[in-house]
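Everything quoted here is computed from the prediction, not taken from an experiment. All residue numbers refer to positions in the sequence shown, counting from 1.
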Amino acid sequence: MHFNSSKASSPTNSYALSPARTPLSPMSTSPHHRTFSDTMMEEDLLYAEEIIERWDLDSLSHTKLDYLFSGDRREAREFVKSVKSLQSAMHFFVSESASSEKLVHAQKLMQVAMKRLEKEFYRILSSNRDYLDSDKRAMVSDMVMADLESIADCMISSGYGKECVKIYKIIRRSIVDETLYNLGVEKFTFNQINKMDWETMEPKIKTWLHAEKVAIKSIFCGERILCDYVFSSSDKIREACFSDICKERATALFEFPELVAKSKKSMERMFRTLDLYNAISDQWPEIEMIFSFESMAIVRTQAVTSLVKLGDAVRSMLSDFEAAIQKETLKTPIHGGGIHPLTRYVMNYLVFLSDYSISLSDILADWPLQVHSPFPESYFSSDNMDESSSISARFAWLVLVLLCKIDAGAELYKDVAQSYLFLVNNLNYVVSKVNSSNLRDLMGDNWLVKHGQKVNQYAGNYERMAWGKVFSSLPENPIADGLTTEVARNSFRRFNLEFNEAYQKQSSWVISDTKIRDQIKLSVAKKILPVYKMFYERYREVFQGADSVVRFAPDDLGNYLSDMFHGTGAPGSINTSSHSSSSSSSSLSRNH
C-alpha cells in the first residue's frame with residue numbers, strides 16, 4: 001500500500017482554504033499593541049515558512065528519501081514548533097481580516113505542513129505495522145510511539161484530526177483484519193454451524209480457541225494501548241478510533257461460541273463447549289478492561305451472551321448424559337466378570353468433566369439437583385458437599401446412577417461368585433478413578449473409604465462363594481492323630497474334586513486391577529496352601545501307587561493359583577494324572 005500524496009493534498013479535498021480548520025476566535029487589542037503583535041506574528045509566520053517549506057513534498061529540492069521523523073528528531077521538533085507558531089499567527093490574522101493575504105498565505109503553509117505530517121504519520125504506521133502489537137512493542141523504539149503521538153496531537157490541534165484518524169484507521173484496521181485472518185478466524189451463520197458434523201466443527205473450535213487467546217492478549221489489547229497512547233489528547237477520538245477498528249471484529253469473534261452453543265448437541269461436544277466457556281470466562285477481566293468504552297458495550301454483551309448460551313448447552317448435555325445412563329440396559333454379562341464398557345465410559349467421562357470443576361461450579365450454581373429417588377440424600381452425597389455445592393451433588397448422583405446399573409449387571413450372572421467378582425472389578429474401577437482424579441476433591445475422602453470397604457466386602461463374598469467348598473474339603477487339623485486313613489483318603493478325593501471344579505470354572509475369569517488380583521490370590525493361597533502342605537507332607541508316603549489320591553503337590557497348587565484371573569485361560573479340567581513335587585514354586589507358594 002503506497003501513500004498517494006497528490007490526492008491527499010488536493011485543495012478541493014482535504015485541504016480547503018478555510019479558517020474553520022483552526023480553532024480561531026476574534027481578538028480585541030489596542031492600536032499600539034496591535035502594531036507590536038503584528039510584528040511578532042509576521043516573525044512567527046516567517047519562521048514557520050522557513051521550516052515548513054524546507055519539508056514541502058511538492059518542492060523541487062525535496063528528496064523522497066528524506067524523512068522528517070528520523071535521526072535525533074531535532075528537525076521534527078522544530079517542525080512541530082513551527083506549526084504551533086503558525087497556528088498562533090493564524091489566530092491573530094483572522095482577527096485582522098478573514099480574507100487578508102497573510103491569512104491566506106498562512107493557510108497554504110498549514111496545508112503544506114499537514115500534508116508532510118500526514119505523509120510521516122502514514123510512513124511510521126506502515127513501516128512499523130508488524131511491531132506495534134502489545135507483545136512486540138518492546139522491539140519498537142519509544143521514540144516511534146512518541147512520534148505518532150506528536151504528529152496526532154499536532155494535526156488534531158490544527159484542525160486536521162479527521163485526516164489523521166482516517167490514515168490511522170485504514171492501516172490499523174487492515175492489520176487487525178489480516179492478523180485475524182491468518183489466525184483462521186472465520187465468520188459463520190447459524191445454519192452453517194448447525195449443519196456441520198463434529199469432525200468439521202471440532203478443528204474450527206480448536207482454531208478459535210487459539211485465535212481468541214491471541215486476539216485478547218495481543219491484537220485487541222495492543223490496539224487499545226496504541227489508540228490510548230497516540231490519541232491521548234482526545235478521549236473522544238481514541239474511543240472512536242478503537243471502536244471503528246475493533247468493534248465489528250471483536251463482536252464477530254465472540255459470536256462464534258454462541259452459534260456453537262445453539263447448534264445441535266451431543267455428549268461428545270461437552271468438553272469443547274467447556275473449553276469455549278473457559279476461554280471467555282478466564283479472560284473476562286481483560287475483555288472488560290479492553291472493551292470498557294461505552295461504544296464497545298456490544299462486544300461485552302456478546303461475550304456475556306456466549307457465556308450464558310454455553311452454560312445452557314452444558315446443562316442440557318449433562319441432563320442428556322444422565323438420561324443416557326438411566327436408559328442404558330445391561331442385557332449380557334461381561335465375559336469373565338470384567339469391567340463393563342458402561343463403567344469405563346461413564347467414569348472416564350466424569351474424570352474429564354472433573355477437570356472443568358471450576359467452570360462447572362459457576363454453570364451449576366443456579367441449577368440445583370432435583371432427584372426423584374427412593375434413596376435418601378445421604379446415599380449419594382459427599383462429605384465435601386454443602387447446600388451450595390451443586391457440582392459435588394451432581395457428580396455424586398451420576399456415580400450413584402452408574403453404581404445402580406452395575407448392581408443390575410451383577411444379577412445377570414448365574415454364578416453368584418462371578419457376580420461378586422463383577423462387582424469387585426467394576427466398583428474398584430470406579431473407586432480408582434475417583435481416587436486418581438479431581439473427582440476426589442468433589443466426592444471426598446469419606447466416600448472413598450466407604451466404597452473402598454464395599455470393594456473389600458464384595459471380594460470377601462466372592463472368596464467365600466468361589467472357594468468355600470475347597471477350604472472346607474481340607475481337615476481342620478490335617479496332622480491330628482485321630483484322623484484315619486480312610487478319612488484322609490476321602491479328604492484328598494474331595495479336595496481334588498473341589499479344587500478342580502473351582503479352577504475349571506474360574507480359569508477364564510478376570511480381575512482387572514493388579515493390586516486387587518494379587519490380594520485375592522494371596523488371601524486364597526493363605527487359606528489353602530499351609531493346611532494342604534501339612535496334609536500333603538503327612539500322607540504322601542501313605543497314598544502311593546497308580547491309584548494314589550494325592551494329585552497335587554503344594555507347589556502345583558501355587559502355580560495354578562498364580563495363573564488365574566488374567567482372563568486368558570479357557571475353561572477345562574486340570575490334568576491330575578500325576579504330580580511333580582519338583583515343580584517350580586510360584587511367588588505365592590514361596591511365601592508359605
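- Using a 4.5 Å cut-off on side-chain heavy atoms (C-beta onward), Y539 and R489 make no contact.
- Using a 4.5 Å cut-off on side-chain heavy atoms (C-beta onward), R440 and N438 make no contact.
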Trace of the side-chain hydrogen bond (donor to acceptor under 3.5 Å, both in side chains) decision for T251 with K247: CA-CA 6 Å; T251 303; K247 180 166 66 176; over 6 Å; no
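- A salt bridge is absent between D320 and K265: the closest approach of a Lys/Arg side-chain nitrogen to an acidic carboxylate oxygen does not fall below 4.0 angstrom.
- The aromatic ring centres of F291 and F220 sit less than 6.0 Å apart.
- In this structure a side-chain-to-backbone donor-acceptor pair under 3.5 Å is present from N348 to R344.
- Remark: the backbone N or O of L253 is paired with a side-chain donor or acceptor of W208 at under 3.5 angstrom.
- Between D556 and R551 there is no salt bridge, since none of the side-chain N atoms of the basic residue sits less than 4.0 Å from a carboxylate O of the acidic one.
- When atom types are taken as modelled, the side chain of S562 and the backbone of N559 share no donor-acceptor pair closer than 3.5 angstrom.
- Between F492 and F535, the ring centre distance stays below 6.0 Å.
- Under a 3.5 Å cut-off, the side chain of N500 and the backbone N or O of N496 do not form any donor-acceptor pair.
- In summary, of the residues considered (E501, K527, E498), a side-chain contact (heavy atoms from CB on, under 4.5 Å) with V470 occurs for E498 alone.
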Please list every donor-acceptor pair under 3.5 Å in which a side-chain atom of residues 302-311 meets a protein atom from a residue at least two apart or in another chain.
{"from": "Q302", "atom 1": "NE2", "to": "F254", "atom 2": "O", "distance (Å)": "3.4"}
{"from": "Q302", "atom 1": "NE2", "to": "E258", "atom 2": "OE1", "distance (Å)": "2.8"}
{"from": "Q302", "atom 1": "NE2", "to": "S306", "atom 2": "OG", "distance (Å)": "3.3"}
{"from": "T305", "atom 1": "OG1", "to": "T301", "atom 2": "O", "distance (Å)": "2.8"}
{"from": "S306", "atom 1": "OG", "to": "F254", "atom 2": "O", "distance (Å)": "2.5"}
{"from": "S306", "atom 1": "OG", "to": "E258", "atom 2": "N", "distance (Å)": "3.4"}
{"from": "S306", "atom 1": "OG", "to": "Q302", "atom 2": "O", "distance (Å)": "3.3"}

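- Side-chain contact between D513 and N425 is absent, with no heavy-atom pair separated by less than 4.5 Å.
- Applying the ring pair (Phe, Tyr, Trp, His ring centres under 6.0 Å) definition to pairs two or more places apart or across chains, those involving residues 345-370 are F271-Y349, F271-F352, F321-Y349, Y345-Y349.
- The two residues L483 and P475 come nearest to each other via the heavy atoms CD2-CG, 4.3 Å.
- Side-chain contact check for M347 versus L350: some heavy-atom pair is nearer than 4.5 Å.
- Every residue two or more places apart in sequence or in another chain that forms a salt bridge (charged side-chain N to carboxylate O under 4.0 Å, His left out) with D366 is listed here: R315.
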Stepwise side-chain hydrogen bond (donor to acceptor under 3.5 Å, both in side chains) check, R224 with S292: CA-CA 10 Å; R224 174 64 193 267; S292 60; 3.1 Å; yes
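- For R269 and E202, the salt-bridge test fails: no basic side-chain N is under 4.0 Å from an acidic carboxylate O.
- A donor-acceptor pair under 3.5 Å is formed between the side chain of Y532 and the backbone N or O of F552.
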Test side-chain hydrogen bond (donor to acceptor under 3.5 Å, both in side chains) applied to Q283 and E212, step by step: CA-CA 10 Å; Q283 298 200 72; E212 188 264 356; 2.9 Å; yes
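- Contact check for F422 versus I339: no side-chain heavy atoms found under the 4.5 Å cut-off.
- Contacts classified as side-chain hydrogen bond (donor to acceptor under 3.5 Å, both in side chains) and involving residues 467-476 (residues at least two apart or in different chains) are given here: Y462-W467, S472-R494.
- Within the 3.5 Å criterion, the main-chain N or O of A417 finds no donor-acceptor partner in the side chain of N461.
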Residue pair D197, T200: steps toward the side-chain hydrogen bond (donor to acceptor under 3.5 Å, both in side chains) verdict: CA-CA 5 Å; D197 55 36; T200 303; 2.7 Å; yes
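- Of all heavy-atom pairs spanning L369 and W397, the tightest one is CD2-CB, 3.7 Å.
- Residue pairs that meet the salt bridge (Lys or Arg N to Asp or Glu O under 4.0 Å) test with at least one member in residues 278-289, sequence neighbours left out, are K217-E286.
- Counting only distance, with no hydrogens or angles, the side chain of S263 and the backbone of V260 share a donor-acceptor pair below 3.5 Å.
- In this structure, the side chains of F565 and V510 stay at 4.5 Å or more apart for every pair of heavy atoms.
- The backbone N or O of V455 sits nowhere less than 3.5 Å from a side-chain atom of N428 that would complete a donor-acceptor pair.
- Screening residues 411-423 for salt bridge (Lys or Arg N to Asp or Glu O under 4.0 Å), with sequence neighbours left out, gives D415-K505.
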